[in-house]
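On a predicted model such as this, the values are computed, not experimentally measured, just so you know.
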Amino acid sequence: MSFINSIRILVALIGFIGALVAPAWLPMLCIVLLALRFSAVEAIALGFFMDMLWLPAGFPHALPLYTMASIIIVWGLEPLRLEFLRS
């Protein structure tokens with residue numbers, strides 16, 4: 001396993017553990033960091049995980065805000081990530 005892949009795993013683990021015990025900005029920061037450096041499927045999974053943890057159970061019409069935000073961040077930062085990797 002290369003150093004870059006171990007950083008990717010570490011940031012994803014910090015995000016998933018942070019979703020359980022930290023404030024909401026820490027997993028969102030991990031989503032942004034993952035989206036800036038990698039084509040991050042785990043960033044979208046982290047957003048979905050946060051929604052499943054924090055959505056109210058009795059309110060079926062709640063919007064999955066973290067999932068939508070992570071999709072927007074990953075797709076929105078894709079051109080910037082490609083520009084960083086080119087240079």
Side-chain angles (χ1 to χ4, degrees):
M1 182 178 344
S2 70
F3 179 70
I4 297 297
N5 283 337
S6 56
I7 289 176
R8 182 179 188 171
I9 291 170
L10 180 68
V11 171
L13 281 175
I14 289 171
F16 279 102
I17 293 170
L20 295 171
V21 297
W25 60 265
L26 182 68
M28 289 306 290
L29 179 67
C30 291
I31 288 171
V32 170
L33 290 174
L34 286 168
L36 278 175
R37 182 60 181 99
F38 309 103
S39 64
V41 176
E42 60 270 5
I44 299 171
L46 178 56
F48 182 72
F49 180 69
M50 289 171 59
D51 280 331
M52 291 298 107
L53 280 177
W54 294 345
L55 275 178
F59 194 69
H61 302 294
L63 290 174
L65 295 177
Y66 289 105
T67 304
M68 291 188 307
S70 64
I71 290 171
I72 290 169
I73 289 170
V74 169
W75 284 347
L77 292 178
E78 182 75 15
L80 185 62
R81 182 185 66 83
L82 292 175
E83 188 66 31
F84 278 152
L85 294 179
R86 242 183 254 153
S87 45

Heavy-atom closest pair, residues [X] and [Y]:
{"X": "M28", "Y": "A69", "answer": "CE-CB, 3.9 Å"}
{"X": "W54", "Y": "A24", "answer": "CZ3-CB, 3.7 Å"}
{"X": "P27", "Y": "G18", "answer": "CG-C, 3.8 Å"}

If you measure from [atom1] on [X] to [atom2] on [Y], what distance do you get to the nearest 0.5 Å?
{"X": "E42", "Y": "L34", "atom1": "CD", "atom2": "CG", "answer": "5.0 Å"}
{"X": "L53", "Y": "F48", "atom1": "CG", "atom2": "CZ", "answer": "10.5 Å"}
{"X": "L13", "Y": "S6", "atom1": "CG", "atom2": "OG", "answer": "11.0 Å"}
{"X": "E78", "Y": "L36", "atom1": "CD", "atom2": "CG", "answer": "11.0 Å"}
{"X": "S70", "Y": "F49", "atom1": "OG", "atom2": "CZ", "answer": "13.5 Å"}
{"X": "L55", "Y": "L65", "atom1": "CG", "atom2": "CG", "answer": "7.5 Å"}

Sole residue of V74, T67, I73 in side chain to side chain contact (heavy atoms under 4.5 Å, CB included) with I71
T67
My understanding is that only one of N5, V11, I9 makes a side chain to side chain contact (heavy atoms under 4.5 Å, CB included) with I7; could you say which?
V11
For atom CH2 of W75, decide whether the heavy atoms of other residues, nucleotides or ligands shown that lie under 6.0 angstrom number more than 12.
no
Within a reach of under 6.0 Å around CZ of F16, are more than 12 heavy atoms found that belong to other residues, nucleotides or ligands?
yes
Common cluster, [X]/[Y], ILVMFWY with side-chain heavy-atom separation under 4.5 Å:
{"X": "Y66", "Y": "V41", "answer": "no"}
{"X": "L80", "Y": "F38", "answer": "no"}
{"X": "L46", "Y": "I44", "answer": "no"}
{"X": "M50", "Y": "V32", "answer": "yes"}
{"X": "V21", "Y": "I31", "answer": "yes"}

